[in-house]
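In what follows, chains carry the letters A, B, and so on, assigned in the order in which the sequence lines appear, proteins first and then strands, with residues in each chain numbered from 1.
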2 protein chains.
Amino acid sequence: MSADSLREHLQSLPETDPELDRLVTQIIGRVADKWTMLLIEILTEQGECRFGELGRACEGISQKMLTQTLRAMERDGLVTRTVHPVVPPKVVYALTELGLGLSEAFCGVWTWAERNREKIEQARAEFLARQEG
Amino acid sequence: MSADSLREHLQSLPETDPELDRLVTQIIGRVADKWTMLLIEILTEQGECRFGELGRACEGISQKMLTQTLRAMERDGLVTRTVHPVVPPKVVYALTELGLGLSEAFCGVWTWAERNREKIEQARAEFLARQEG
DNA sequence: CAGAATCCCGTTGGATACTG
DNA sequence: CAGTATCCAACGGGATTCTG
């Protein structure tokens, strides 16, 4: 896709209304979050997961942030939370249709990151050299 | 795209190496940021922009965060920063090829947010009702 | 105009301990 | 196991001031 056609495409989107634009912007702000994106990717790859599984798969996340992020995702309709009344407790999280849609949409960013990892590292090295030199 | 085919697609990506996976994850973390995404969208729609233009277009951003985000984007090779030696100073920012690629990749998320805005708001309302009831 | 520098406060988020 | 509750440090980020 060329720069021009991409621009045209973006401009063609129906957010001429500033009010609407604000709402969409807010959604992006809410959803363009590191943990949310990682959890969505894990749930897409692994299918439904238990709380602990997610914690282990999502490297570096604290249990507090895991709970918090999952709650927000549930609130926004991205995942379902199913409690199985057994001992010990078993709670299963799964992507909703909405969540799956976001996963598909974000898939492009993930692919982009992989494909351009080296370019980014190179750019960082050059930037650093420019600063020092 | 079905859930299964999306899963297959993600699993087919060459990040079996955990080290590589960490790097990509870090890039996602760096780039999945509200201001970065908004600035990329603005630069895509408007083409090259001056510092002040970006500040005005990116509603709610402080000058500090604008500078900071633009620096990080420049460091990662997403934008170029061109200084025109005139008085008053004129500095122009533009997307690089790399930045344009990210813009394209993220375009899907933007479209998703617009298309599903109502569903998200509905999900929030239902979640709220469930909590209260 | 395009920042750099400083101050300062609120929120984020980690660590830890506790519970059904 | 799947959380909740509490405390606290670190960082994000706004407001303001100053400069080339």
Check every atom of [options] against the side chain of [X] and return the nucleotide holding the closest atom.
X       : options              : value
A:Thr67 : D:dC1, D:dT4, C:dC1  : D:dT4
B:Ser62 : D:dG14, C:dG3, D:dG3 : D:dG14
B:Phe51 : C:dA2, C:dG13, D:dG3 : C:dA2

Between [N] atom [atom2] and [X] atom [atom1], what is the distance in whole Å?
X       : N      : atom1 : atom2 : value
B:His84 : C:dC1  : NE2   : P     : 16 Å
A:Glu59 : C:dG14 : CD    : P     : 14 Å
B:Lys90 : D:dG20 : NZ    : C1'   : 19 Å
B:Gln68 : D:dG12 : CD    : P     : 7 Å
A:Leu66 : D:dT4  : CG    : C1'   : 14 Å
A:Glu53 : D:dG3  : CD    : C1'   : 16 Å
B:Asp33 : D:dG12 : CG    : C1'   : 11 Å
A:Lys64 : D:dA9  : NZ    : C1'   : 11 Å

Think [X] has a side-chain N or O under 4.0 angstrom from the OP1 or OP2 of [N]?
X       : N     : result
B:Tyr93 : C:dG3 : yes
A:Arg50 : D:dA2 : yes
B:Arg56 : C:dC1 : no
B:Arg81 : C:dA2 : no

A:Gln122 pairs by side chain to side chain donor-acceptor pair (under 3.5 Å) with which of A:Lys119, A:Glu118, A:Glu126? A:Glu126
Count I, L, V, M, F, W, Y as connected when their side-chain heavy atoms are under 4.5 Å apart, and connections chain through other members. Are A:Leu66 and A:Val31 then in the same cluster? yes
Honestly curious: do A:Trp35 and A:Ile42 fall in one hydrophobic cluster under the side-chain, below-4.5 Å linking rule? yes
Could you tell me whether B:Gln63 contacts a base, only the sugar-phosphate backbone, or nothing, with contacts defined as non-hydrogen atoms closer than 4.0 Å? base
Report yes if the side chains of B:Ile28 and A:Trp110 come closer than 4.5 Å at any heavy-atom pair, otherwise no. yes
Please work out whether the ring planes of A:Tyr93 and A:Phe51 are parallel, tilted or perpendicular, with thresholds of 30° and 60°. tilted
Between A:Pro89 and A:Ile61, the residue closer to the 5' end of DNA chain C by nearest nucleotide is A:Ile61
